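This report refers to the structure that appears directly beneath it.
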Amino acid sequence: MLFKAMGALRQRFQRSFYIRERHTFVKHMSESSSQRFFWHESVASLRSQYERFRAIDDNANALACFHRLAQHGFRGLLGMHDFDPSRKSIISAFQAKSGGTYLHNRMLQLGYKEFSWFFMHRLCHSLCYASDDALKLYLSGGCTCHTHARPHPNILAALDRARVEKIWVHLRNPAECAVSAYHHYCGEGHGEGEIGQQRREKALTDSRRLPVHPEIGKSEFVMQTIDWHAEWAAMWLQFAQTRPDLVVFSFYRDLADPHAMLSRVFRELGAELKGNVSAEPIGQDRFRRKESSDWRTDLSPAAQSQVEHRVREIIGHFPAFDSLWS
């Protein structure tokens with residue numbers, strides 16, 4: 001009987017995950033996956049398995065590893081002296097090439113810590129796989145992450161299960177995003193120093209995997225990619241029409257006064273904005289000095305016409321179009 005009782009206690013302990021942070025006590029139990037067989041795995045081993053499964057598109061097994069990596073990662077956050085879990089974590093989705101890195105860095109300036117509640121498909125950053133376990137930890141406070149997630153069913157279902165009240169979505173004119181993507185994959189505007197160089201090398205490597213390579217020229221590249229950028233915005237705009245109470249929008253033009261923009265966004269999200277942010281670019285931002293702010297610069301007349309036609313066709317009927325188009 002004693003051995004049975006000890007076994008039951010041990011099993012109960014293995015199914016529970018506790019974290020102590022100063023005077024708080026956070027309890028987290030995963031109902032979706034047992035931790036028995038992961039209990040003695042090292043972080044390095046888990047990461048190796050995660051990368052291996054992800055590389056072969058075995059995303060179910062990759063997600064199981066990601067659950068456990070998130071738990072280890074959150075332990076690390078709790079050990080940081082400047083981690084403040086009293087800050088309300090915010091769920092955000094930034095349109096690709098809309099200034100998302102800039103906004104993410106401003107969230108870090110405000111004192112939030114980076115922590116992911118999902119992982120991305122290896123070939124498409126807008127296709128994301130949500131982790132319920134990681135999302136629970138994320139929402140306990142003090143966290144931010146940089147995501148280009150679309151409102152796909154697996155993302156929305158995870159947010160529903162976590163009872164997320166509102167989502168912050170940041171948008172930019174899809175024509176400007178497509179032009180910016182061309183320069184991105186040409187290795188331009190990735191920031192300064194070692195981080196900038198790493199980003200540059202990754203962008204050049206990624207460009208070789210694209211169905212459309214920037215070597216075809218800016219006009220052709222923009223014409224062939226404009227639908228992808230416009231449809232990203234359309235999916236969130238359509239979702240917001242269906243559930244207007246769930247989405248808080250900001251727009252690229254709002255970045256002219258980032259503190260005012262964040263003040264509004266935080267207020268609408270029911271969060272407190274603590275601290276200030278810098279308006280000028282910093283070394284870790286992605287920033288490209290442009291000769292012109294008009295996306296039409298260097299595009300052929302045919303490209304300008306096609307891009308405008310496709311953008312108007314895909315998102316022109318949404319009320320937010322006037323806030324996006326330039």
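Numbers for residues simply follow the sequence, beginning at 1. What you are looking at is a predicted structure, and each value in this text was computed from that prediction instead of being measured. Every heavy atom of this structure was used, including side-chain atoms; hydrogens, water molecules and symmetry mates were not.
Side-chain contact between Cys128 and Met120: present, with at least one pair of heavy atoms (C-beta onward) separated by less than 4.5 Å. Looking at heavy atoms from C-beta onward, Ser89 lies out of side-chain contact with Trp117 at the 4.5 angstrom threshold. Inter-residue side-chain proximity for Gln95 and Pro174 is flagged as met; some heavy-atom pair is nearer than 4.5 Å. Side chains of Ile91 and Leu135 form a contact here, defined as non-hydrogen atoms less than 4.5 Å apart. With a 4.5 Å cut-off on side-chain heavy atoms, Lys274 and Asp84 count as touching. Within the 4.5 Å cutoff, no side-chain heavy atoms of Arg68 are placed close to those of Asp133. Taking 4.5 Å as the limit, every side-chain heavy atom of Phe318 sits out of range of all side-chain heavy atoms of Leu324. In this structure, Arg264 and Ser250 have side chains that are in contact, with non-hydrogen atoms separated by less than 4.5 Å.
Counting all heavy atoms, side chain and backbone alike, Gln304 lies closest to Trp295 at O-CH2, 3.9 Å. Between Pro319 and Gln241, the shortest heavy-atom contact is CD-NE2, 3.7 Å. Nearest approach of Ala62 to Phe119, heavy atoms of both residues: CB-CZ, 3.8 Å.
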Walk me through whether Ile155 and Arg150 qualify under side-chain contact (heavy atoms from CB on, under 4.5 Å). CA-CA 8 Å; Ile155 295 295; Arg150 300 184 186 214; over 6 Å; no
Step-by-step side-chain contact (heavy atoms from CB on, under 4.5 Å) determination, Phe251 to Met261: CA-CA 9 Å; Phe251 302 97; Met261 184 200 76; over 6 Å; no
Given side-chain contact (heavy atoms from CB on, under 4.5 Å), test Val179 with Lys97 step by step and report yes or no. CA-CA 9 Å; Val179 170; Lys97 309 313 298 172; over 6 Å; no
Tell me, with the steps shown, if Leu237 and Leu171 meet side-chain contact (heavy atoms from CB on, under 4.5 Å). CA-CA 10 Å; Leu237 291 168; Leu171 298 177; 3.8 Å; yes
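Side chain of Thr144 to backbone of Met107: no donor-acceptor contact under 3.5 angstrom is found. No side-chain donor-acceptor contact under 3.5 Å links Lys166 to the backbone of Val248.
If you check the side chains of Gln49 and Arg52, you find no donor sitting under 3.5 Å from an acceptor. Counting only N and O atoms by type, the side chains of His148 and Ser126 include no donor and acceptor under 3.5 Å apart.
For the atom pair CG of Leu269 and CZ of Arg267, the computed distance is 10.5 Å after rounding to the nearest 0.5 Å. Taken to the nearest 0.5 Å, the CD1 atom of Ile90 stands 11.0 Å off from the SG atom of Cys145. Note that CE of Met223 is 8.0 Å distant from CD1 of Ile216, once rounded to the nearest 0.5 Å. Taking NZ of Lys88 as the reference point, atom CG of Leu139 lies at 9.5 Å (rounded to 0.5 Å). We find the CG-CG distance between Leu127 and Asn59 to be 7.5 Å, quoted to the nearest 0.5 Å. Taking OG from Ser305 and CZ from Arg296, the interatomic distance works out to 11.0 Å, rounded to the nearest 0.5 Å.
When hydrophobic clusters are built by joining Ile, Leu, Val, Met, Phe, Trp and Tyr residues whose side-chain heavy atoms come closer than 4.5 Å, directly or via intermediates, Tyr252 is not grouped with Met235. When hydrophobic clusters are built by joining Ile, Leu, Val, Met, Phe, Trp and Tyr residues whose side-chain heavy atoms come closer than 4.5 Å, directly or via intermediates, Val164 is grouped together with Phe239. In terms of hydrophobic clustering, with Ile, Leu, Val, Met, Phe, Trp and Tyr side chains grouped at heavy-atom distances under 4.5 Å, Tyr50 and Phe53 are assigned to different clusters.
By the salt bridge (charged side-chain N to carboxylate O under 4.0 Å, His left out) test, Glu176 is found to be paired with Arg172, residues two or more places apart in sequence or in another chain being considered. For Asn276, there are no side-chain hydrogen bond (donor to acceptor under 3.5 Å, both in side chains) partners two or more places apart in sequence or in a different chain.
None of Phe94, Phe249, Trp236, Phe266 except one satisfies the ring-ring contact (aromatic ring centres under 6.0 Å, His included) rule with Trp168; the exception is Phe94.
The stretch residues 313-324 participates, sequence neighbours left out, in these side-chain hydrogen bond (donor to acceptor under 3.5 Å, both in side chains) pairs: Arg310-Glu313.
For Glu165, the CD atom is loosely surrounded, since the number of other residues' heavy atoms within 6.0 Å does not exceed 12. The number of heavy-atom neighbours closer than 6.0 Å to CZ of Arg243, taken from other residues, nucleotides and ligands shown, is 12 or below.
Annotation: Phe66 is not in aromatic contact with Tyr129 [ring centroid separation under 6.0 Å not met].
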